[in-house]
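Data first, discussion second: the structure below is written as structure tokens.
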Amino acid sequence: MVRRRHVLLIIWSFLLSYAGIGETPDTIEMRLQGSQGKARMELLNKLAERYREESPERAISMAKEALVLAREANIQEEEAKALFYLAEAAFNLNRIEESLKYYLLSAEVKKIVTGAESEEYARMIGDAGFCYFSLDRYQEAMDLYHQSLEISLNNGYEAQVASMYSNIGTIYVHWGEYGKAIGHNTLALEIDRRRSDSVLISIDMNNIGKIYEQWGKLDEAIVWYLESLEIARRVGNPSMIAVRLNNLGIVYKMQQRYEAALDYFQQALELERQEGNMVRIGRRLSYIGSTYLDMKNYPSALEYLNQALPLLAEMDLPADLARIYHAFGSYYLATGKFTQATGWFSKSLDLAYQYNLKPLQIGNLEGLTSSYEGGGDYRSALKTMRQMTGVRDSVFTRESNVRLAEFQARFENEKIRLENEVLKKDARIKRNWYIISGFIALTAVVILLAIILILRLRSRNLHQEREMAREKADRLQLELELKNKELAFKAMSIIQKNESVAGVLQGLEQAVKNGESVESLNQILESLRTTDRDISWKEFEVRFTQVHKEFYDKLNHRFSNLTPNERKLCAFLRLNMTTKDIAAITHQSVHSINVARTRLRKKLNLSNSDENLITFLINL
């Protein structure tokens, strides 16, 4: 969702630096040389303001010097500015904890200078709330947003009110309370409509569309995105138009309406190319490539992914690179090139671990499992499957703990709020405290029951996933063992055949030298045929056992007195082979097979029964 705070910061930055309009950073730096005291402090703050986004480290250096000078001269207005620019620059460097510290210090100084009801103070604590939000400390962010909202409502700061409604809505999205999120963003939209701010109206509508998208109500999301797109087109902002086109493409892709999705992605790509934004061009190409991948149009998918990769790699954006590496892995997995798939999934997994991208960690481990399995490397497949289960377990545990902490914090805040309201009441309505206490207790019970239900459902799902993973692991292990046994048997068969052939050849050579009769030579050849039949039977028996292992186990358990030839006959009959076929395979007469079947019926206690022998063996 769009961060409304950036719009407000642009406005405030304009108000703080109106005196410097028209000056370039180079001009200001020339004036800085040789300056002293208050003049130097003001110039340093101006440069910190200009450099906070394009060169945050330089901004921090200049703001720190301005802060020292402001404190020495006890000029609190310039001190507040220096602290604010330190916070901004630290935030742009993703040093959120440091940024939070400076925002809070700046807010305290601004409170002294302009008062606790000033718009500047309300904005400052709103910015500090955004830092808490960025640190996933949602309840603390919510507290500061509400504090800023209350000041702004009391004093008619409509822009700040709309901003706080939008930010509060974003927290409700993270808490899964989509209805409340829609409600707060609708309030922001109403304010911006009253103020006739088309840019913010389009942003509000886009935010509401994004909430519906995350809620899974995709048709509603499309309606809001289309209306937001229409306003963005009237405003004539290409960047805003491209973002909304891309959002529509994402929703249509989620609905598997791929042709419509591609059309919107292509429109967004064309606008980004006109604007020359390489990062966004790379992202749009990546979306198009992943859409073709879902469509199983692999040549087109590879074409667009190859175009996106160098653009994203040049900008060195870890999250984007991790995602496109995963897309390449998915492409090679789908096309059966398991070695290449393993390489791409591994590269994506390294970035996902480095930057703690949990969903991508799980996705890449799942992809690696499939790649190793497809390539026959069952040991590695088993290893990555266990890693994936571990990551899923850790995500589940963390989400459960965070969810529990959020419920507890929100319950405590609600309890405190209600208690304060009761203390302000007249003594005549103190009895209502008991009703409210009962309501609080009931609310707590309902919340705790909801938490227990959620945890139980997730625990059951997790248990099922573990069981499925364990079964798959056992299957992989069994397949590996069977492959090893088969390889070992084939090796022994080759050795035995070689030994048999060598023995026969030696016998033939000796017979020829000794001038033995044709009958002797025929006996040697018959020996070779017998050996080959024995080896062929053993190979058949191994493969039969792999498919019908339980049959042999039951047969040996119930009828342990069967001879090897009788067990062999049972195997042929279990396959529903005719007497004629069995005679041909075993090189025996049909009469001999019939006699053997009669003896077998006796041993299986079927002599005085009308039960069919083959049916009995099949149902064993």
Side-chain angles (χ1 to χ4, degrees), residues 1-9 87 91 96-97 99-108 110-111 116-117 119 121-155 157-191 203-204 207-208 210-211 214-215 398-421 439-440 443-444 446-448 450-451 454:
M1 292 173 63
V2 175
R3 299 171 182 171
R4 294 178 57 92
R5 69 181 286 276
H6 290 315
V7 177
L8 300 173
L9 291 178
F91 190 92
I96 309 301
E97 293 278 3
S99 177
L100 173 62
K101 179 185 73 172
Y102 286 125
Y103 275 132
L104 291 173
L105 288 172
S106 178
E108 287 304 309
K110 182 60 72 173
K111 183 178 179 181
E117 295 295 312
E119 188 172 9
Y121 176 66
R123 288 170 179 165
M124 290 265 189
I125 58 176
D127 290 336
F130 190 79
C131 284
Y132 278 126
F133 172 80
S134 301
L135 293 168
D136 295 339
R137 294 162 65 176
Y138 300 132
Q139 187 57 55
E140 291 162 292
M142 183 71 89
D143 293 340
L144 288 182
Y145 287 159
H146 274 294
Q147 186 180 344
S148 176
L149 177 62
E150 184 177 359
I151 295 170
S152 302
L153 284 170
N154 291 339
N155 294 279
Y157 308 141
E158 286 196 334
Q160 186 67 9
V161 170
S163 177
M164 290 304 100
Y165 277 141
S166 181
N167 288 346
I168 290 169
T170 303
I171 292 179
Y172 279 125
V173 170
H174 283 268
W175 282 346
E177 296 183 26
Y178 298 104
K180 289 184 178 180
I182 293 291
H184 280 78
N185 277 274
T186 302
L187 289 172
L189 175 60
E190 289 173 0
I191 293 171
I203 291 172
D204 292 330
N207 289 348
I208 293 172
K210 183 61 68 175
I211 295 169
Q214 293 176 269
W215 200 353
R398 180 182 179 277
E399 287 180 349
S400 298
N401 292 338
V402 170
R403 200 71 169 166
L404 188 60
E406 287 171 358
F407 273 120
Q408 185 64 30
R410 289 158 66 189
F411 169 71
E412 291 297 332
N413 284 346
E414 181 68 11
K415 181 179 177 181
I416 292 169
R417 186 182 68 80
L418 292 173
E419 287 176 349
N420 288 337
E421 286 181 1
F439 172 75
I440 293 172
T443 303
V446 171
I447 290 173
L448 290 174
I451 293 170
I454 291 170

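Between Tyr121 and Ala116 the shortest heavy-atom distance is CD2-O, 3.4 Å. Considering every non-hydrogen atom in both Gln160 and Ser152, the closest pair reads CG-OG, 3.0 Å. A pairwise comparison of heavy atoms in Glu117 and Asn154 identifies OE1-CB, 4.3 Å as the closest pair. The shortest non-hydrogen separation linking Asp204 to Ala188 is OD2-O, 3.5 Å. Nearest heavy-atom pair across Ala128 and Leu100 is O-CD1, 3.5 Å. Closest non-hydrogen pair, Ile191 versus Glu158, comes out as CG2-O, 3.6 Å.
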Give the intermediate values and the outcome of salt bridge (Lys or Arg N to Asp or Glu O under 4.0 Å) for residues Glu119 and Arg123. CA-CA 6 Å; Glu119 188 172 9; Arg123 288 170 179 165; 2.8 Å; yes

side-chain contact (heavy atoms from CB on, under 4.5 Å) between Phe130 and Tyr145, intermediate numbers included: CA-CA 8 Å; Phe130 190 79; Tyr145 287 159; 3.6 Å; yes

Start with the C-alpha distance between Asp143 and Gln139, add both sets of side-chain angles, then the distance that settles side-chain contact (heavy atoms from CB on, under 4.5 Å), and finish with yes or no. CA-CA 6 Å; Asp143 293 340; Gln139 187 57 55; 3.1 Å; yes

Kindly indicate, with the supporting measurements, whether the criterion side-chain contact (heavy atoms from CB on, under 4.5 Å) is fulfilled by Ile151 and Ile125. CA-CA 10 Å; Ile151 295 170; Ile125 58 176; 4.0 Å; yes

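One distance of note links CG of Leu104 with CE of Met124; it measures 11.0 Å at 0.5 Å rounding. The structure places OG1 of Thr170 at 6.5 Å from CD1 of Ile211, a figure rounded to the nearest 0.5 Å. Rounded to the nearest 0.5 Å, atoms CG (Leu153) and NE2 (His146) are 10.5 Å apart. Within the model, atoms SG of Cys131 and CD1 of Ile96 stand 6.0 Å from one another, a figure rounded to the nearest 0.5 Å. With rounding to the nearest 0.5 angstrom, the CD1 atom of Ile208 is 4.0 Å from the OG1 atom of Thr186. In this structure, CG on Leu187 lies 14.0 Å from CE on Met164, to the nearest 0.5 angstrom.
Judged by distance alone, the side chain of Ser106 and the main-chain N or O of Tyr102 form no donor-acceptor pair under 3.5 Å. Side-chain N or O atoms of Ser163 include none that pairs as donor or acceptor with a backbone N or O of Ala159 at under 3.5 Å. For the pair Ser148 (side chain) and Leu144 (backbone), a donor-acceptor distance under 3.5 Å is absent.
Residues satisfying the ring pair (Phe, Tyr, Trp, His ring centres under 6.0 Å) criterion with Tyr132, sequence neighbours excluded, are absent altogether.
In this pair, Phe133 and Tyr138 present their aromatic rings tilted. The plane angle is within the 30 to 60° band.
Between Tyr172 and Tyr178, a ring centre-to-centre spacing not shorter than 6.0 Å is recorded.
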